[in-house]
Amino acid sequence: MSTDSLSPQDALVAVMIAVSVADGEMTDSELDTIRGVIGHLPAFLGYDTDRIGLVTGIVGEIFDDEDGIDALVGLVAQALPEHLAETAYAVACDVAAADGAVAMTELKLLEILRHDLSVGRLAAAAIERGARARYQKMTPR
């Protein structure tokens, strides 16, 4: 699969993987969240999960470049239909929140995604609040 042929579902997977590795580490909780999202969201109906490894490789290759984040977000924006922009931001926020700590590199990537996918500030705030609520632990930090 070449980097110019991401399907919309691949683009959603790429966003989740990118947020997960943005801080240099993919935690078990982030990986579990990615699997759960793919397994449950209607946007992934019929998705061939064997493609996850290919998408992971593409994200890794792109992130090796100096302008990797911008290149990845551009590729995602190109592959995603407009109506899935908020979905992409939502799954990115879920992965960022999954391990209970959002690193500055993850926040920066989320900011770039929000801007480049044209997710409005109010929608983004609601999505972020929802992710935070979904991933709260029983005991406060």
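Remember, predicted model here, so these are calculated numbers, not experimental data.
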Interatomic distance, Leu80 atom CG to Leu75 atom CG [nearest 0.5 angstrom]: 10.0 Å
Where Ala88 and Val15 come nearest, the two heavy atoms and their spacing: O-CG1, 3.6 Å
Any side-chain heavy-atom pair of Val119 and Leu113 under 4.5 Å: no
Distance-minimising heavy-atom pair for Gly100 and Lys137: CA-NZ, 4.0 Å
Inter- and intrachain pairs under ring pair (Phe, Tyr, Trp, His ring centres under 6.0 Å), touching residues 51-94, at least two apart: none
Which atom of Ala22 lies closest to which atom of Leu109, heavy atoms considered: CB-CD2, 4.2 Å
Euclidean distance, Thr87 OG1 relative to Leu117 CG, rounded to 0.5 Å: 10.5 Å
Side-chain donor-acceptor pair present, Asp99, Tyr135, cut-off under 3.5 Å: no
N/O donor-acceptor pair under 3.5 Å between Glu30 side chain and Val21 backbone: no
Minimal non-hydrogen separation, Pro8 against Ala79, with atom names: CG-O, 3.5 Å
Spacing of CG belonging to Leu107 relative to CG belonging to Asp23, to within rounding of 0.5 Å: 10.5 Å
Residue pairs passing the side-chain hydrogen bond (donor to acceptor under 3.5 Å, both in side chains) test where at least one lies in residues 105-118, sequence neighbours excluded: none
Distance (rounded to the nearest 0.5 Å) between Ile69 CD1 and Ile62 CD1: 11.5 Å
Value rounded to 0.5 Å, distance of CG in Asp94 from CG in Leu41: 8.0 Å
Among Thr49, Leu54, Val55, Val59, the one residue meeting side chain to side chain contact (heavy atoms under 4.5 Å, CB included) with Val13: Val55
Closest non-hydrogen atom pair, Asp10 against Leu6: CB-CD2, 3.7 Å
Any donor-acceptor N/O pair, Ser20 side chain to Met16 backbone, under 3.5 Å: no
Those residues that, when tested against Arg129, pass salt bridge (charged side-chain N to carboxylate O under 4.0 Å, His left out) (two or more places apart): none
Heavy-atom closest pair, residues Ala11 and Val76: O-CG2, 3.9 Å
Cluster link Val102 to Met104, ILVMFWY, side chain under 4.5 Å: yes
Any side-chain heavy-atom pair of Met26 and Ile17 under 4.5 Å: yes
CZ-CD1 distance between Arg35 and Ile38, expressed to the nearest 0.5 angstrom: 9.5 Å
Crowding at CG, Asp28 (>12 non-hydrogen neighbours, <6.0 Å): no
